[in-house]
Amino acid sequence: MEAPTPLPLSFFSRPTQVVARELIGCHLAIKRNGATKRYTISETEAYDGFDDLASHASRGKTKRNEIMFREAGHIYVYLCYGLHWMFNVVTGAAGYPAAVLIRGVRTQDGNLQYNGPAKLTKALGLTDAYNGQILSRDLGLWIEARKPASPKPIITATARIGVDYAGPIWAEKHYRFLLA
DNA sequence: GCAGTGATCATA
DNA sequence: ATGATCACTGCC
């Protein structure tokens, strides 16, 4: 059987809300020690541009968030609350800060679920070693499209989690996407 | 409900 | 140099 192709970087070079929604049902692939593991993406959140007060980028470019300003397909990993790694994929045009936080995955057989951004980075071993890299087969970390034959995922959108500090306008936007 | 935990950023 | 904050989790 032919190996599935990684999503092209042009997939990510679109509005972050679109990418966040379409990533649901796609497969996160990790190759380590010659073995590739695949996980179905079940929860995402979009962080969009300069004005989004929930986004790190809303207060301008800094040493930490400059990854968000790079070309789509870059990986942005940062430490939250001193102990949790958060895994994001940069989206949109270069120079425009946007990213999708991967918040949940499940194994393809559905037996294991990691529902929580820090739980999945811990389970999958995703750390700042990937920060600033680009998704690719060479890196050993990439994302594949949902199999065309598989049923179309049922997706719901809700407000994002843990962003009340951003104020109601931005906290209430339905930028979180979930696989039913 | 809230402690843990430390990088990051604004302020000085 | 200091202090507040934080895209969370797990245990009370």
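Within every chain, numbering begins at 1; the chains are lettered A, B, ... in the order of the sequence lines, protein sequences first and strands thereafter. All of these numbers come straight from a predicted model, not from anything done at the bench.
- Rounded to whole Å, atom P of C:dC8 lies 11 Å from atom CZ of A:Arg160.
- One finds no side-chain N or O of A:Arg59 lying less than 4.0 angstrom from the OP1 or OP2 phosphate oxygen of B:dC9.
- Separating the CD atom of A:Glu43 from the P atom of C:dC8 is a distance of 10 Å, rounded to the nearest angstrom.
- At whole-Å resolution of the value, CD in A:Gln113 and P in C:dT9 are 14 Å apart.
- In the set C:dA7, B:dT5, B:dC9, B:dC9 carries the atom at the smallest distance from any side-chain atom of A:Thr62.
- Geometric assessment of A:Arg14 against the ring of A:Phe11 yields a positive cation-pi assignment under the 6.0 Å and 45° thresholds.
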Subject >> Test log, rule salt bridge (Lys or Arg N to Asp or Glu O under 4.0 Å), inputs A:Arg64 and A:Asp128 >> reply: CA-CA 11 Å; A:Arg64 178 176 66 166; A:Asp128 66 340; over 6 Å; no
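- Regarding A:Asn131, its CG atom lies at a distance of 13 Å from the C1' atom of B:dA7, rounded to whole Å.
- The OH-C1' distance, from A:Tyr81 to B:dC2, rounds to 12 Å in whole Å.
- When the C1' atom of B:dT8 is taken as reference, atom CE of A:Met86 falls 15 Å away, rounded to whole Å.
- Backbone-only engagement by A:Ala118 is indicated by non-hydrogen atom pairs under 4.0 Å involving sugar-phosphate atoms exclusively.
- For A:Tyr78 against C:dA7, a side-chain-to-base donor-acceptor contact under 3.5 Å is present.
- Remark: A:Tyr165 is in phosphate contact with C:dA7, judged by side-chain N or O atoms under 4.0 Å from OP1 or OP2.
- Of all nucleotides present, only C:dA4 satisfies the Watson-Crick or G-U wobble test against B:dT8, with each distance under 3.5 Å.
- Between A:Arg103 and C:dC8 there is a side-chain polar atom (N or O) within less than 4.0 angstrom of OP1 or OP2.
- Separating the NZ atom of A:Lys122 from the C1' atom of B:dT5 is a distance of 14 Å, rounded to the nearest angstrom.
- Close to C:dA7, at under 4.0 Å from its OP1 or OP2, lies a side-chain N or O of A:His56.
- Side chain to side chain, A:Thr158 and A:Arg176 meet the donor-acceptor criterion of an N or O pair below 3.5 Å.
- Note: CG (A:Asp164) to C1' (C:dC6) measures 13 Å, nearest angstrom.
- If you check every strand for non-hydrogen atoms under 4.0 Å, A:Arg64 touches sugar and phosphate atoms only.
- Here the nucleotide nearest the side chain of A:Ile161, chosen from B:dT8, C:dG10, C:dC8, is C:dC8.
- There is no side-chain donor-acceptor pair under 3.5 Å between A:Glu43 and A:Asn115.
- Looking at the side chain of A:Leu79, the nearest of the listed nucleotides B:dA7, C:dC8, B:dT5 is B:dA7.
- Both cation-pi conditions hold for A:Lys61 and A:Phe69: the charged atom is under 6.0 angstrom from the six-membered ring centre and inside a 45 degree cone around its axis.
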